[in-house]
Amino acid sequence: MGAELYASRIVLNVLGVKDYGIYSVVGGVVVLFGFFNAAMTTATERFLAFDIGRNENEKLRNTFNATVIIHICIALLVLLLAETIGLWFVMNKLNVPEARMDAVFWVYQFSIFTFLVTVLQVPFNALIIAREEMNVYAMLSIAEVILKLFAVFLLTVVAFDKLTLYAGLLFLLATLIALCYRIYCLKNFEESKFKWFYDKEYFVSLISYSGWNLFGNIAVVAKGQGTNMLLNIFFGTVVNAAYGITMQVQGAVNTFVVSFQTAANPQIYKTFAQGDIAQMQKLMFQVSKFSYFVLFILVCPIIYNIDFILKWWLENPPVYASIFITLTLSNLLIETISQALITGALATGKIKWYQIVVGLTLCLNLPLNYIVFKFIPDPVMYIYVAILLSVVTLFLRLRFLKSMISLDVMRFFKDVLFPVISITAICGGLIYLLYYFNITSASFLELILVSALIVVLCLIVIVLVGLKKSEKAMIKSLITNRIKK
């Protein structure tokens, strides 16, 4: 996280606010085509983990080969759409300075090929996660960040168009990391060795699952990059720069929770495959609550010190960056409660109406933002819309899971929502007292001390109010065993 945030600071300083905004919005156009890949990514992870959970090795091999073939087709489709509709939109409709159109073209091309590398790599990444080889996943993630820092360093010393160079270096980085994942899989997992496989019924089941999952992924793209496009159209590239910084912070902060949930997701899939619904629900509730607590501990000091952090981090932060980050992290807290519920729903395979209803609800982000921007010319309004829809979709997911896996909704309220709300209210009150007595950060040392105080307060409240006796005992045991090792 630290490396990602430091890299963002250097990139913003080297590129400047306008070029950084251009990179954010141009790269976002490519991501718009990613809903095909995102839908299939979830299907790949689910089906691989399902086969492993049932110890069906031959089926696992067929699943992997089928997903490789499907992702090749997705890559070709994305390439076609990106070089036709996407290229026309970028060169004719985006609000970018005329003098930077050549750089925009090359940034777009590099972004396309970076994305294609990511698409083709999905089956290999999914296999490592499904096999729960988290040490490999962690090491390669760290290597990726180190290489990204090196790429950022090159920006400061190479005499070339910085915007184009940055996009090209990220393409090379993505290619190198993809090769590392692929080599590891081929050396360690027999099922990863490609062999032509075609079974109409098998492909139909994978594509059908992905097709319904497409609704949810279109909604995510519409909410993220679609909103980025609207901000560009209504407010220009300076606001895109603030949005880009916000997404950097959100991505970096969310790394902690995503890592935790990535490790837990295969277990949710496998317990369902084994028919152990009670254990599956218990795991979902624990993941939802602990994900929130982990994120909450990290988010509170960031929000409290956001103005000082932005000035220290970026020196000249874009307009709206502070309020964007504050509200976006608040929304992220709400969304993280739903992640285990999403995995639970996807594990069942019966996702048609779930994805239609939840996906269409999330898709409302785009039209609602357009309407709001028309009548209220304030870019901050998009986050209020997002928060409202995040709350609505949380309760929709609970309703669907009640029928899909007989989810005990009242137990979810008791074990997850009540502790989460209690912790938020109590810690919020304590943090307000710090603000009331003007305990703020004016130096880096004070930032560390104030943040440490907030973290300690949050940890004490979480332990006293948010955890059951069994959970306290479990955590104590884990810490003791780790110290002994």
Side-chain angles (χ1 to χ4, degrees), residues 49 52-53 129-130 132 134-135 138 254-300 332-348 394-395 397-402 404-430 454-485:
I52 293 171
I129 293 171
E132 300 187 65
M134 297 305 166
N135 56 330
N254 202 33
T255 297
F256 285 93
V257 179
V258 168
S259 300
F260 181 68
Q261 292 167 341
T262 298
N265 286 347
Q267 285 296 318
I268 295 175
Y269 290 135
K270 291 171 185 177
T271 50
F272 179 80
Q274 295 160 2
D276 193 351
I277 304 301
Q279 177 61 23
M280 176 189 179
Q281 290 194 29
K282 180 182 177 181
L283 184 59
M284 288 166 58
F285 292 173
Q286 287 180 332
V287 172
S288 292
K289 184 167 73 170
F290 282 104
S291 294
Y292 185 93
F293 289 164
V294 169
L295 189 62
F296 187 78
I297 290 169
L298 187 62
V299 161
C300 283
L332 187 61
L333 283 168
I334 300 171
E335 290 181 337
T336 199
I337 300 173
S338 288
Q339 292 307 310
L341 301 178
I342 295 170
T343 303
L346 296 176
T348 67
L394 171 60
F395 287 98
R397 290 182 179 112
L398 289 173
R399 175 65 185 85
F400 272 99
L401 283 164
K402 183 177 181 180
M404 295 166 87
I405 58 171
S406 301
L407 185 81
D408 190 338
V409 176
M410 293 308 299
R411 185 183 162 202
F412 183 85
F413 272 83
K414 179 183 176 182
D415 290 355
V416 181
L417 287 186
F418 180 74
V420 159
I421 293 171
S422 300
I423 294 299
T424 304
I426 295 170
C427 290
L430 293 174
I454 292 173
V455 168
V456 170
L457 288 173
C458 290
L459 280 172
I460 292 172
V461 175
I462 287 171
V463 171
L464 294 178
V465 180
L467 301 181
K468 299 178 181 178
K469 288 184 179 179
S470 60
E471 291 169 341
K472 293 176 186 177
M474 178 187 70
I475 292 173
K476 182 179 178 180
S477 176
L478 287 171
I479 293 173
T480 301
N481 291 337
R482 183 65 64 179
I483 292 174
K484 288 180 178 178
K485 288 182 179 180

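Taking OG of Ser288 as the start and CD1 of Ile342 as the end, the distance is 9.5 Å to the nearest 0.5 Å. The distance from the CG atom of Asn481 to the NZ atom of Lys476 is 12.0 Å, given to the nearest 0.5 Å. Remark: Leu459 CG to Ile454 CD1 distance equals 12.0 Å, nearest 0.5 Å. Taking OG1 of Thr480 as the start and CD1 of Ile475 as the end, the distance is 11.5 Å to the nearest 0.5 Å. Thr343 OG1 to Tyr269 OH: the interatomic distance, rounded to the nearest 0.5 Å, is 5.0 Å. Taken from CD in Gln279 to CD1 in Ile268, the straight-line distance is 10.5 Å, to the nearest 0.5 Å.
Summarising the geometry of Asp415 relative to Lys289, their closest heavy-atom pair is O-CD, 3.2 Å, with the distance given to 0.1 Å. Scanning all heavy atoms of the two residues, the minimum distance from Val461 to Ile423 falls at O-CD1, 3.4 Å. When every heavy atom of Pro419 is checked against every heavy atom of Gly466, the shortest pair comes out as CB-O, 4.0 Å. Here the shortest heavy-atom pairing between Ile129 and Pro266 reads O-CG, 3.4 Å. When all heavy atoms of Leu467 and Lys472 are compared, the closest pair comes out as O-CE, 3.5 Å. For Leu401 against Met284, the heavy-atom pair with the smallest separation is CD1-CE, 4.1 Å.
The shortest side-chain heavy-atom distance between Ile483 and Ile479 falls under the 4.5 Å cut-off. Within the 4.5 Å cutoff, the side chain of Leu407 has no heavy atoms near those of the Phe400 side chain. Counting heavy atoms from C-beta on, the side chains of Val287 and Gln339 never come closer than 4.5 Å. Looking only at side-chain heavy atoms (C-beta outward), Phe272 and Leu346 stay at 4.5 Å or farther from each other.
Aromatic rings from Phe413 and Phe418 are positioned such that their centres are separated by 6.0 Å or more.
Judged by distance alone, the side chain of Thr424 and the main-chain N or O of Val420 form a donor-acceptor pair under 3.5 Å. Judged by distance alone, with hydrogens and angles left aside, the side-chain atoms of Glu471 form no donor-acceptor pair with the main-chain N or O of Gln286 at under 3.5 Å. Panel note: side chain Thr336, backbone Leu332; no donor-acceptor pair is recorded below 3.5 Å. Between the side chain of Thr348 and the main chain of Ala345, a donor-acceptor pair closer than 3.5 Å is present.
Phe293 and Phe290 have perpendicular rings, their planes meeting at more than 60° on a 0 to 90° scale where under 30° would count as parallel.
By the neighbour-count criterion of 12 heavy atoms within 6.0 Å, atom CZ of Arg411 is densely surrounded, having more than that number from other residues, nucleotides or ligands. The number of heavy-atom neighbours closer than 6.0 Å to NZ of Lys414, taken from other residues, nucleotides and ligands shown, is 12 or below.
Exactly one of Val456, Val463, Ile462 qualifies for a side chain to side chain contact (heavy atoms under 4.5 Å, CB included) with Ile460. That residue is Val456.
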